[in-house]
2 protein chains.
Amino acid sequence: MRPDETIECCELMYVHKDIVEKVREEMPDEEELYDLAELFKIFGDSTRIKILYLLFESEMCVCDIAQLLNMTQSAISHQLRALKQSKLVKYRREGKTVFYSLADGHVRTIIDQGMEHVKE
Amino acid sequence: MRPDETIECCELMYVHKDIVEKVREEMPDEEELYDLAELFKIFGDSTRIKILYLLFESEMCVCDIAQLLNMTQSAISHQLRALKQSKLVKYRREGKTVFYSLADGHVRTIIDQGMEHVKE
DNA sequence: CTTTCATATGATTGATTGTTCATATATTAT
DNA sequence: ATAATATATGAACAATCAATCATATGAAAG
């Protein structure tokens, strides 16, 4: 199969011309698809999933999260950075302490839907 | 910070005892959290995301997908394997051809929510 | 200003992962 | 049987990534 040529293959180009056109219309552009994959990568680590579950209950500081998950402060801080960059969590400073919380409702919806799928 | 000891740290253990208990109750068990992260890992690749978007329009054979995404049959087949193992797609054989389609509605919901987040 | 406490970050490393290449399997036609 | 076509799979390799360690920043207290 040589993908760089429009060779006749299966029945696609000839029988399902309408679908091909619809696909080309409806498919988001390359950059959006890349960003979407990058977002899901962030959900694709159990440490980060656990952090998000913790934040479902309440805002928390880094140290609290580290204790509850039985992990080092550094490991948690690194993961919070990733969550922050994807705008999944927000934070506020209070003296020496930094409190993290969920950024918006999408986070919960995405995780809940994922969990429903997993539980089937 | 030594996570393997219950040292006094921040104000967690003393001020927010109720939250700690709620967290311990509401948090899914380790195995479910791991499975959930594994599921999101599958969404965390732009090739797989593209495949899923294609299948939003119609069931398709491997060769169709490879052509539309301008990738090799082998690469697509490997990714379909991952999608199949996570029960995100299903397939039916028709002669030499194998048609793939979306397994259930969660896929669409998860992707749509993710895309909403990305577009903000 | 120095110390202490909470958090952030850069470098390193072992592990995971996506694509490629070669090859195997499965189905149909000759 | 053999050839042709569609798909699947195993090994290999480069790239990515999460945890660790050491260290830096930032804020309050002495």
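Naming convention: chains lettered A, B, ... in sequence-line order (proteins, then strands); numbering from 1 in each chain.
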Next on the checklist: With a cut-off of less than 4.0 Å, is there a side-chain N or O of B:Thr47 near OP1 or OP2 of C:dT19?
Outcome noted: yes

Item to check | Pairwise 5' ranking along DNA chain D for A:Glu38 and B:Lys84, keeping only the more 5' one | outcome: B:Lys84

Item to check | Selected nucleotide, minimal atom distance to B:Asp45 side chain, candidates D:dT7, C:dC21, C:dG18 | outcome: C:dG18

Checklist entry - In terms of the angle between their ring planes, are A:Tyr100 and A:Tyr91 parallel, tilted or perpendicular, with boundaries placed at 30° and 60°? => result tilted

Checklist entry - Closest heavy-atom contact between A:Met27 and B:Leu69? => result CE-CD2, 4.3 Å

Item to check | Separation of atom CD1 in B:Ile76 from atom C1' in C:dT19, rounded to whole Å | outcome: 11 Å

Checklist entry - What nucleotide among D:dG26, D:dA6, D:dT20 has an atom nearest to a side-chain atom of A:His78? => result D:dT20

Next on the checklist: Taking the minimum atom-to-atom distance to the side chain of A:Lys96, which one of D:dA27, C:dT20, C:dT7 wins?
Outcome noted: D:dA27

Next on the checklist: Whether the side chain of A:Ser74 and the base of D:dC21 hold a donor-acceptor pair under 3.5 Å is what I'd like checked.
Outcome noted: yes

Next on the checklist: For D:dA6 and B:Thr97 - does any side-chain N or O of the residue sit under 4.0 Å from the phosphate oxygens OP1/OP2?
Outcome noted: no

Item to check | Separation of atom CE in A:Met71 from atom P in D:dT20, rounded to whole Å | outcome: 6 Å

Next on the checklist: On the six-membered ring of B:Phe43, is B:Arg48 placed so that its NZ or CZ lies under 6.0 angstrom from the centre and within 45° of the ring axis?
Outcome noted: no

Next on the checklist: Given C:dT7, C:dT27, D:dA18, identify the nucleotide with an atom nearest to the side chain of A:Gln73.
Outcome noted: C:dT7

Item to check | B:Arg81 side chain, from C-beta outward: closest of D:dG10, D:dA19, C:dT7 | outcome: D:dG10

Next on the checklist: For a quick check of understanding: with a heavy-atom distance under 4.0 Å over all strands, which category does A:Tyr100 fall into, base, sugar-phosphate or nothing?
Outcome noted: sugar-phosphate

Checklist entry - Which residue, B:Ile110, B:Ile42, B:Ile111, B:Thr47, forms the side-chain contact (heavy atoms from CB on, under 4.5 Å) with B:Leu52? => result B:Ile111

Checklist entry - Could you state the CZ-C1' distance from A:Arg92 to C:dA6, rounded to the nearest angstrom? => result 14 Å

Checklist entry - Could you go step by step and tell me if B:Glu30 and A:Lys50 meet the salt bridge (charged side-chain N to carboxylate O under 4.0 Å, His left out) rule? => result CA-CA 9 Å; B:Glu30 189 72 29; A:Lys50 286 177 200 168; 2.8 Å; yes

Checklist outcome for this item: Ranking D:dT7, C:dT7, C:dA11 by distance to the side chain of B:Val62, first place goes to D:dT7

Checklist entry - Once you round it to whole Å, what is the distance between P of D:dA28 and CD of A:Glu94? => result 10 Å

